[in-house]
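Here the structure is a predicted model, which is why all the values come from computation and not from measurement.
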Amino acid sequence: MLAPTLLIVALVVVLPLFAIFWISVKPVGLADLRIPTPSVYERLRGDLTHAGDVAVLQYRISNPSREHAIDGVTLTDDIPPGLSYDLSGTICEQKAQTLFCNFGTWEAGFRDKLVIKVTALLPFNEPPDVRSSMPITTGTSTSNLVNNSFTLDNFKQIFSAQEFGDVLYATAFYTFVGTVGAILVGLFAALMLNQSFFGQGLLRGFLLFPYVAPIIAVAFTWVTLFDPFSGSANALLLQMGLIDSPVNFFGQRGLALVMVTVFEIWRYFPLSFLFILARMQSIDTQMYEAADMDGATPMQKFWYLSIPQLTGILSILFLLRFIWTFNKFDDIFLLTGGNAGTRTLTVNVYEQAFAISNIGGGAAVAVVVFACLLVFSLFFMRFISKEEGL
Amino acid sequence: MSILRQGLLIAVMIGFLWAVVLQFTMTVALAFGTGGGYTPVWLVSGIVGMTSAIIWILYNQTTSPLKLMALQQTLTIALMLSLSFGQPFGVPLTESLGLQISALVVLAYALNYTLRHMLNDITTGLQVRHNAEMAAIKGLLAFGYLFFVAIVLIPFYVMIMTSFKSQQALLLNPLDFSLDWQLGWGLFRSYIELFRDYNFGTYLLNSFVISVLTVLITLLFSAPGAYAVARLKFRGRAFMVRGILLIYMVPLIVLALPIYIVFSILELRNSLVGILLIYPVTTIPVALYMLQGYFRGLPEEVEEAGLMDGLSRFGVVMKITLPLALPALASVSLYVFMIAWNEFLLAFMLLDDPSIFTLTRGVSMLNSSEIPRQHLMAGAVISTLPIMLIFLFLERFMTKGLTAGSVKG
């Protein structure tokens, strides 16, 4: 049971990773996702109510790709009985009630009309339905996604892009400050909840709300709260005389990056807090009692007793949160869409691939993300194997 | 540094800062509650707090606590009123008199009660380090409670209250969160419209079914796998555990791109089946990792006893291990449910057809300039409420799951 599970997961993870590397060296955009296939549109024009009436069976044929030819194009279609088909001047043949045409190669952007004159052999009350059978086409083509052309342009392009420096800065700032901030705030919350008081359990559950709520709900709430025109935060600050004019919290360069980092701290401090609190509650209380006997002050107890006990969990937390903050995409995407200097590497993957339809560029950024992640993970693995004794 | 341990100085500092904090909190609460133009009068409250603290330090040895409290209380209120020229919250007292007076009384009582607690061991003159630090820590803790409750409460308060407002009211005064009770059921019109016009009933159902199925599929695959990793000895086990961990550290956005491409080609995009295929893949590694940790924590001797008594390996797992691991399974299930319920990126990328959206995808659709804000907030509430209810009722399991699973985030 383990083998298939791992196999499936590995397939779904490793194959995409492979695909990412493959695409990153390919010149592809969104439009290249489909391998071009021949396009056929069929219709019958004319009146066939009497025997001997003549009408026209028309196939509009085209190659939808503007870049790639389609080789070995054939068309097969069932044609209605009771008509005689004039195939002169076409490359098609009729076998019983089947039409077969062999077109060979269609160049990129090729379009044409295949016109067949038909004569009614008997009167038709209703015109025969030519579309009851869909024409079947064959043809092989390549798209940039699968052919043999490789390029390093994607990497060149993203590394030389002017904003790549900004992207790296935003990533570093967001990841580092967000991680450290969430851990510090979490540590403070844990210290606070490590006291026993009325409603402690309730408060503990309450503090987890930011993390448990769907990201989409809390992100949009923050956007609403800090809206420059109808946001309550601006109204409050204005009223208190702390600012003179409304501040565009998520739209102003510099401030926006700080705001998304603050959001990250707000949303993820519960995790650090939960971890740290669990560790704190497992520290032997006798140690503190002994320290009390010796007249240690609260600060001394914190620095010399608690902190050494917590370093292990704090460093694990730091590494884990560092990796996960680095990986974060949804938060920034929902808050600012990566505008105003908040475009981190992960948001850049999306921007490249979907906003400017450069799938190859997006994949190249993804490769950079993955490379960074690999380095962090190796570091983490070395560390955690010591902690977990694996 | 010893000057910092002078009892009076401690009282002055804590009294000043704490009063400012309390006043600020009260003003914000008033502003958010009524939409009135309240502003904090910083300096006045600071001076008042300082005075009250000094009085307590000077007289708490000689006067009865009750008398002292009455004195402090009267003095605080009187000073607040006179020093602020009758505007204790930055607006004339005549404006909603009753509310302001009661707010003032509550503020004064909160201030004096907490000051008393913070300065419990402080006297005039030089303090021992322990007591000085204790006072500072108590001050910090009190600040902490207010701070944390405020930062968590305010966004959720804004979310819920905005969903009950109308567009005009929001633009008119973004601070006014008071409800117009005369509307009655009309308060819920955003919700009614979402369910009636925007298909939110279907989305709710979709999200629920997908989350439950994701949990089932995940458990089906990860429980046996985790057991194998935890119990069976084979070469490369440690490597495998690390591999699992590594796999689930790969960011979703990196995988999302190829998944998008493959799903486009296979025409799985825009279908709930596609979503159901991909969600478990993102949750199986984390479930595997969590469960193998739990299984390793179960004593092996129990299982060996079962084997001795003639049970097969399968029997042992079914009759001993799984029942013992039930709480762990519950935690993992809840955690996976939460991930699936809250998932946004894949739903956003893969679903385009409004008739089959999940809840998160549906809410993101509401974020447009043509749809009023209160609809967006109502959508946010609809998506938050179920997961919150589950969390509140099953907090114990959920918290466990979060702790064990928060290798992910």
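For the side chain to side chain contact (heavy atoms under 4.5 Å, CB included) test, residues two or more places apart in sequence or in another chain that qualify with N194(A) are L277(A), M280(A), Q281(A). Among residues two or more places apart in sequence or in another chain, the side chain to side chain contact (heavy atoms under 4.5 Å, CB included) test is passed with V262(B) by L266(B).
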Verdict with supporting geometry, T221(A) and F156(B), side-chain contact (heavy atoms from CB on, under 4.5 Å): CA-CA 8 Å; T221(A) 305; F156(B) 287 97; over 6 Å; no
Full working for side-chain contact (heavy atoms from CB on, under 4.5 Å) between I137(B) and M299(A): CA-CA 9 Å; I137(B) 285 173; M299(A) 280 298 170; 4.3 Å; yes
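Side-chain contact check for F209(A) versus L392(B): some heavy-atom pair is nearer than 4.5 Å. Between F273(A) and F148(B), the closest side-chain pair of non-hydrogen atoms is not below 4.5 Å. With contacts defined as side-chain heavy-atom distances shorter than 4.5 Å, the pair P214(A)/F344(B) does not qualify. Annotation: side chain of F269(A) is in contact with side chain of I151(B) (closest heavy-atom distance under 4.5 Å).
Looking at I253(B), V250(B), V254(B) one by one, the single match for side chain to side chain contact (heavy atoms under 4.5 Å, CB included) with V369(A) turns out to be V254(B). A side chain to side chain contact (heavy atoms under 4.5 Å, CB included) with V212(A) is found for exactly one of I390(B), I387(B), N342(B), namely I387(B).
Ring geometry for Y260(B) against F354(A) counts as perpendicular: the plane angle is over 60°, on a 0 to 90° scale with 30° as the lower cut.
Ring centers of F188(A) and F147(B): at least 6.0 Å apart, outside the cut-off.
Contact count against chain A (heavy-atom pairs under 4.5 Å) is highest for P258(B) among A136(B), P258(B), A223(B). For chain A, the option among L252(B), L255(B), V381(B), V158(B) with the highest count of heavy-atom pairs below 4.5 Å is L255(B). Note on A31(B), G293(B), P40(B): by heavy-atom pairs under 4.5 Å with chain A, the leading option is P40(B).
Judged purely by atom type and a 3.5 angstrom limit, Q239(A) has no side-chain atom pairing as donor or acceptor with the backbone of T39(B).
Neither the backbone nor the side chain of F326(A) comes within less than 4.5 Å of any heavy atom in chain B.
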